[in-house]
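Whatever order the structure lists them in is the order used to number ligands and atoms, beginning at 1.
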Amino acid sequence: MIDDIRHIQDRALAGLSAVTTLDDLAALERDLLGKTAELSGFKKVMGTLDHDARREVGAALNAAREAISEAVAQRRSELEVVAAVARAESERLDLTEVRAGGDAGHLHLVTQTIEELEDVFVGLGFSVAEGPEVEDDWHNFTALNFGAFHPARDMQDTFFVGLGGPREVVMRTHTSPVQIRVMENQRPPIYSVMPGRVYRNEATDATHLAVFHQLECLVVDRGITFGHLAGTIDMFTKAYFGPGWTSRLRPSYFPFTEPSAEFDIQRPDGTWLELGGCGMVHPNVLSNCGIDPEEYSGFAFGFGLDRLAATRHGVTDLRELASTDIRFLEQF
Ligand code: FA5
């Protein structure tokens, strides 16, 4: 009887290692360990045995059931791994697939716009600078002449980062902090442009995004006037859009420029687009960066790149620029 039990156990283990699916394993488990299993039949016979023989057969039965249960569990975990690999394989997306027609993709419209504008400004003798998107309060606000409780801080709804003290680290709300970084690290003459991504805690609509792009322009030199500012804005408007386009300035307020203005550009059809802010760099800002405002003056302007690109390419909803729809993206 003991030999029969061992024999059943050996056959069971061989059967288990031959099973290749989880369903077949579940069926085999029922056959081997269920009520109608061959091993269960021995229980009936045990009643007819004497005490010692019963103990011996009982121990052999338990050992066989245990060995088979362990082998079932072991085989189940092996087959689960096989099934998970097969599932992952069937769900695999080929992200390297080249689309029909051999179009391997191209730069995003906003990136193309940044590169084109950099070319315009580099051609005029400007250098290109960059700064971090996670900024400290000093560069994003304080050095730009926003006092601690200055109401103008609320002009730009800010995303705060949970680092440092309360409200000490922000996602930069504009590219103007890069002006500060340039002036802290470079002595005049400064002729620099600073493109980059900025963040505002704003509801999005056709003309507003929460993550968008600006290009900042900073000039600091001896004898810089408001006329240089107006001329530079008009010059780049024509260089980027074409000779039929013009610009205008309207009085405005920014804490870091004095006087300040907003500038609009006029399309050939006569309509205006509000594009950015500008002004003469405030003497406090120059002093904050260790530049003597008695000796130097400067101008700065900053504008929305997404709005600029959308206007030139006839995109009517800025949110499309953040979409991943290939039918939209491949037009540019
Ligand atoms: C500023 O951000 C100032 N730093 C500009 C500046 C620079 C002034 C240098 C003086 C000197 P403002 O918040 O107005 O200003 O934003 C400038 C431009 O960014 C806007 O005119 C607009 O074109 C664009 N812009 C602002 N908010 C959004 C938005 N939510 N989505 C898309 N574009 C935006």
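Between D306 and ligand 1 there is no heavy-atom distance shorter than 4.0 Å. Distances from ligand 1 to the non-hydrogen atoms of E262 include no value under 4.0 Å.
Hydrophobic side-chain contacts under 4.5 Å tie M171 into a cluster, directly or through other members, with V134, F159, V161, L163, V169, Y199, V211.
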Show me the donor-acceptor pairs within less than 3.5 Å that the side chains of residues 251-259 make with the rest of the protein, sequence neighbours left out.
from : atom 1 : to   : atom 2 : distance (Å)
S252 : OG     : E262 : OE1    : 2.9
Y253 : OH     : H150 : NE2    : 3.1
T257 : OG1    : S260 : OG     : 2.7

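Remark: ligand 1 atoms within the under-4.0 Å shell around heavy atoms of R200 are 1 (C), 2 (O), 12 (P), 13 (O), 16 (O), 26 (C), 27 (N). Annotation for ligand 1: atoms under 4.0 Å from non-hydrogen atoms of E202 are 30 (N). Distances below 4.0 Å separate heavy atoms of Q156 from the following atoms of ligand 1: 1 (C), 2 (O), 13 (O). Counting atoms of ligand 1 from 1 in the listed order, those under 4.0 Å from a heavy atom of S176 are 4 (N), 7 (C). Residue Q179 approaches ligand 1 through these ligand atoms, each under 4.0 Å from one of its heavy atoms: 9 (C).
At a 4.0 Å heavy-atom cut-off, ligand 1 touches L275 through the backbone alone. Counting heavy atoms closer than 4.0 Å to ligand 1, residue F256 contributes side-chain atoms (C-beta onward) but none from N, CA, C or O.
Of the candidates G276, G277, A203, it is G277 that places a heavy atom closest to atom 6 (C) of ligand 1. Evaluated by nearest non-hydrogen atom to atom 15 (O) of ligand 1, the leading choice among F254, F301, F299, F263 is F254.
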ask   = Can you list the steps and then say if D234 with K238 is a salt bridge (Lys or Arg N to Asp or Glu O under 4.0 Å)?
value = CA-CA 6 Å; D234 205 55; K238 288 182 167 56; 2.9 Å; yes

task = Please assess R75 against E29 for the test salt bridge (Lys or Arg N to Asp or Glu O under 4.0 Å), listing each intermediate value before the final yes or no.
result = CA-CA 11 Å; R75 191 69 189 136; E29 183 182 20; over 6 Å; no

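Dense packing is recorded around CZ of R248, with more than 12 heavy atoms of other residues, nucleotides or ligands lying under 6.0 Å away.
The aromatic rings of H174 and F141 sit tilted, their planes meeting at an angle between 30° and 60°.
For the residue pair D136 / H139, a side-chain donor-acceptor distance below 3.5 Å is found, with atom types taken as modelled.
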